[in-house]
Amino acid sequence: MPDQKIVEPRLLRGFRDYLPAQMNARLKMIATIRSVYERYGFQPLDTPAQEFRVTLMGYGEENTKQIFAFQNPEEEDVALRFDLTVPLARVVAQYPDLVMPFRRYQVAPVWRADKPDPGRFREFIQFDLDAVGVSSLAADAEILCAMYDTLKALGIERFSIRFSDRKVLNSLLDFAGITHERSHSMFRILDKLDKIGLDGVAAELTKGRVDASGDTIPGLGLDANQVGRIKEFIALPKGKRREALRSLEKLFAGVGSAKEAIAELTFICDSLDALGISEQNVQLDLSIARGLDYYTGPVFEASLDDAPEFGSVFGGGRYDGLVERFLGRTIPAVGASIGVDRLFAAMEKLGLHEFAPSTAKVIVTIMEPGQLAEYQKLARELREAGVNTEMYLGDEKSLGKQLQYANRQQIPLAIIIGSDEFARGEVTIKNLKLGGQLQDRKKAAHGKEREEWLALSRTVQQTCPLTRCVEEVKKMLAV
RNA sequence: GCCGACGUAGCUCAGUUGGUUAGAGCACCAGAUUGUGGAUCUGGGGGUCACUGGUUCGACUCCAGUCGUCGGUACCA
């Protein structure tokens, strides 16, 4: 291409490639999550990436700027979905024959035009589970339980799922004498408690503050009495679920609207006890708000104790009003959503992923190109036996190069057949994974350990009759 | 969106008060070793110093703008 302008290969801000090693880890993660959801009997659903723009809008116009919106060739206003909950509400309204309760899971990419952060992208996968048409809070407890099982199944031990109830916060407004119109800004500020501390929250509730970068954040203009009440609420003991609940009951004793919230949380605590969910991982935290307007009851969010900077990796709640927008009548619903890519990034930081670029377990190297058919036959035989097998197709003629390739792909076994083996009807199987491990341990091995090392070294490479190749390969992979 | 910092090899970074030929480590490639990867040694390729303009005899270095990256903050149905 003389004189032609090279197109610079680059990505859009907030978008990522997933190369094979990461992709294998991500697929494994998704498969694990799916197996948990299916264990609860949730059923799969998929919906299009694009929806009519009006379908996606409607909860606060200021948020629409985060939506990737454009016109299609028919000049209709369309947008990329920004979550999976709104499309679910659309589906429920559109298919009246769906059997209720409708319990579905969905894993799919969504798009938001946010500024990217660690673990935060413009295109990312969400993995949702929701129960629609269920008013019983047993569903909410079950969602919490599924969240717990999912994080455990992913191999995460130290995580915290915190839950509360949107109705608690509404009662807080009554308790502090704040009008409900200001609920949104009020909840938003409260949600920042973890981040900016009690003093920061107090400042934002009153006259505002200047942050570390010198930016001014306007205050809400509450009076000292109101802030005092909010502080009382924040100061409620965290402790065990029951204790937190009792102290809330005491504080809100004079607030009529609080009875329902307390009854709901009591029900959920009972259910969690019945389900055997530990206090260790699932806590009642009255301060969590979740920014979304559509929540009407219990809300939940999970974060990893050892990677708190990634924030909420799994969150949800009850949204009894959402389907009404499409149907004109109320259908109760509750669900939760994993930010798969955010959780992936957090787990990556904690070293919880196994990265291997190749799915092959065996590579058949080519030493005698004239015998290609024999190599092909053997590869076929291995595949038919269920062994993931790659036959070397590159241009390198030397065995060393082919083994180097296999090593880089982290393929554990290599099959070597040269003129000697062909003459005797044999194959040599080399364990690259074990060989690599032994190399690492070579220097450290002394005395008894050295004996063991030598014994293992003898098993790195073995020769057997061609007829027993598949059997030997399986045996070596099983270790 | 706002505030700040930073852009030198694939990666991590040196680069003197502005001085002529821009360096290192790692990675990569080749050879030592044409039937054995990861070790060692020797050699090699690779740069529009983000971009554009300005100041200057001379700019990787100073100035301005643009783009990009990162951090904080705001926002997050």
Side-chain angles (χ1 to χ4, degrees), chain A residues 6 8-14 55-67 79 81-87 89 110-118 120-122 124 184-185 187-189 191-192 195-196 200 204 208-218 289-296 301 309 311-312 315-317 319 321-322 325 337 339 342 363 365-368 392 396-422 427-443 460-461 463:
Chain A
I6 295 276
E8 186 190 353
R10 60 195 205 116
L11 290 173
L12 261 44
R13 171 206 291 271
T55 303
L56 301 179
M57 298 205 334
Y59 275 91
E61 292 302 310
E62 79 275 19
N63 302 313
T64 57
K65 62 177 180 240
Q66 284 184 51
I67 300 182
R81 64 177 168 221
F82 57 83
D83 77 3
L84 302 175
T85 313
V86 173
V110 303
W111 294 266
R112 295 184 194 179
D114 277 336
K115 181 188 141 185
D117 267 334
R120 183 187 204 175
F121 312 97
R122 286 189 162 179
F124 57 98
H184 194 79
S185 1
F187 297 164
R188 206 185 57 231
I189 295 167
D191 214 27
K192 295 200 278 190
K195 221 165 156 186
I196 63 179
E204 289 201 23
R209 66 185 182 96
V210 178
D211 72 30
S213 71
D215 213 10
T216 338
I217 298 159
R290 297 198 59 74
L292 323 192
D293 283 337
Y294 64 43
Y295 290 121
T296 55
E301 73 182 33
E309 70 273 24
S312 168
Y319 50 96
L322 197 54
R325 269 186 60 221
S337 174
R342 181 180 288 191
I363 186 162
T365 59
I366 308 295
M367 290 196 62
E368 305 285 335
Y392 185 76
E396 295 291 354
K397 301 281 186 285
S398 88
L399 181 59
K401 293 287 170 165
Q402 296 185 35
L403 292 178
Q404 187 177 69
Y405 167 82
N407 189 47
R408 284 181 184 170
Q409 300 295 321
Q410 292 178 42
I411 298 171
L413 296 186
I415 290 183
I416 300 164
I417 317 174
S419 49
D420 295 354
E421 283 88 350
F422 274 122
V427 299
T428 294
I429 308 168
K430 178 162 182 158
N431 191 331
L432 296 172
K433 190 179 171 190
L434 180 62
Q437 288 166 356
L438 288 179
Q439 192 69 29
D440 295 341
R441 281 171 50 190
K442 193 175 183 177
K443 290 185 194 106
V460 164
Q461 189 166 315
T463 298

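Reminder, nothing fancy here: chain letters follow the sequence lines and each chain counts from 1. Excluded from the calculations below are hydrogen atoms, water molecules and symmetry mates; all remaining heavy atoms, backbone and side chain alike, are included.
Counting non-hydrogen atoms of other residues, nucleotides and ligands closer than 6.0 Å to NZ of A:Lys192 gives a total above 12.
Comparing the same atom, C1', in B:A5 and in B:G10 gives a spacing of 25 Å after rounding to whole Å. Distance check on atom P: B:A9 versus B:A22 gives 14 Å, rounded to whole Å. For the C1' atom pair drawn from B:C67 and B:C26, the interatomic distance equals 29 Å after rounding to whole Å. Across the P atoms, B:G18 and B:G58 are found 16 Å apart, a figure rounded to whole Å. Here the separation of B:A24 from B:U20, taken at their C1' atoms, is 22 Å to the nearest Å. Between B:C60 and B:A50, the two P atoms lie 10 Å apart (nearest whole Å). Using P as the reference atom, B:G7 and B:G15 are 11 Å apart when rounded to the nearest Å. For the C1' atoms, the distance from B:G46 to B:C11 is 13 Å, rounded to whole Å.
In this structure, the CG atom of A:Leu403 is 15 Å from the C1' atom of B:U34, given to the nearest Å. Atom P of nucleotide B:C76 and atom CZ of A:Phe187 are separated by 13 Å, given to the nearest angstrom. Rounded to whole Å, the distance from OH on A:Tyr392 to P on B:G35 is 15 Å. Taking atom CG of residue A:Leu11 and atom P of nucleotide B:U69, one finds them 10 Å apart after rounding to whole Å. Between the C1' atom of B:U69 and the CG atom of A:Leu12 lies a distance of 15 Å, rounded to the nearest Å. Rounded to an integer number of Å, the gap from CZ of A:Arg342 to P of B:C76 is 14 Å. Nucleotide B:U36 holds its C1' atom 5 Å from the CG atom of A:Leu399, rounded to whole Å. Atoms CD1 (A:Ile189) and C1' (B:A74) sit 12 Å apart, rounded to a whole Å.
Judged by distance alone with a 3.5 Å cut-off, a donor-acceptor contact links the side chain of A:Gln461 to the base of B:U36. Side-chain N/O atoms of A:Glu421 and base N/O atoms of B:G35 include a donor-acceptor pair closer than 3.5 Å.
Checking B:G35, B:C75, B:G37 against every side-chain atom of A:Leu432, the shortest atom distance belongs to B:G37. Which of B:G35, B:C76, B:A30 sits closest to the side chain of A:Glu396 comes down to B:A30. The nucleotide whose nearest atom lies closest to any side-chain atom of A:Ile416 is, among B:C75, B:G35, B:C28, B:G35.
Taking the six-membered ring for Trp and thresholds of 30 and 60 degrees, A:Tyr392 and A:Tyr405 have ring planes more than 60 degrees apart, a perpendicular arrangement.
When both pairing distances are held under 3.5 Å, B:C41 makes a Watson-Crick or G-U pair with B:G31. Base pairing of B:U16 is not made with any nucleotide, judged by Watson-Crick or G-U wobble geometry with both donor-acceptor distances under 3.5 Å. Judged by Watson-Crick or G-U wobble contacts below 3.5 Å, the nucleotide B:G46 has no partner. Using the Watson-Crick or G-U wobble rule with both distances under 3.5 Å, B:U21 pairs with nothing in any strand shown. Searching all strands for a Watson-Crick or G-U wobble partner of B:G58 with both distances below 3.5 Å returns nothing. Base pairing annotation: B:U52 forms a Watson-Crick or G-U wobble pair with B:A64, both donor-acceptor distances under 3.5 Å. When both pairing distances are held under 3.5 Å, B:U73 makes a Watson-Crick or G-U pair with B:G1.
Contact check, A:Lys192 against B:A74: a side-chain N or O comes under 4.0 Å of OP1 or OP2. Phosphate contact (OP1/OP2 of B:G37, side-chain N/O of A:Arg408, threshold under 4.0 Å): absent. In this structure, A:Arg188 reaches the B:C75 phosphate: one of its side-chain N or O atoms is under 4.0 Å from OP1 or OP2. Considering only side-chain N and O atoms, A:Lys430 lies nowhere under 4.0 angstrom from the phosphate OP1 or OP2 of B:G35.
A:Ser419 comes within 4.0 angstrom of a base, heavy atoms only. The residue A:Gly418 sits close to a base: some heavy atom pair falls under 4.0 Å. Contacts of A:Tyr405 with the nucleic acid, taken as non-hydrogen atoms under 4.0 Å apart, are absent. Within the 4.0 angstrom heavy-atom criterion, only backbone atoms of the sugar-phosphate kind lie near A:Lys401; the bases stay farther away.
Judged by distance alone, the side chains of A:Thr428 and A:Gln461 never bring a donor and an acceptor atom under 3.5 Å apart.
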Quiz item: What's the verdict on side-chain contact (heavy atoms from CB on, under 4.5 Å) for A:Ile67 and A:Met57, showing C-alpha distance, side-chain angles and the deciding distance?
Solution: CA-CA 9 Å; A:Ile67 300 182; A:Met57 298 205 334; 4.2 Å; yes
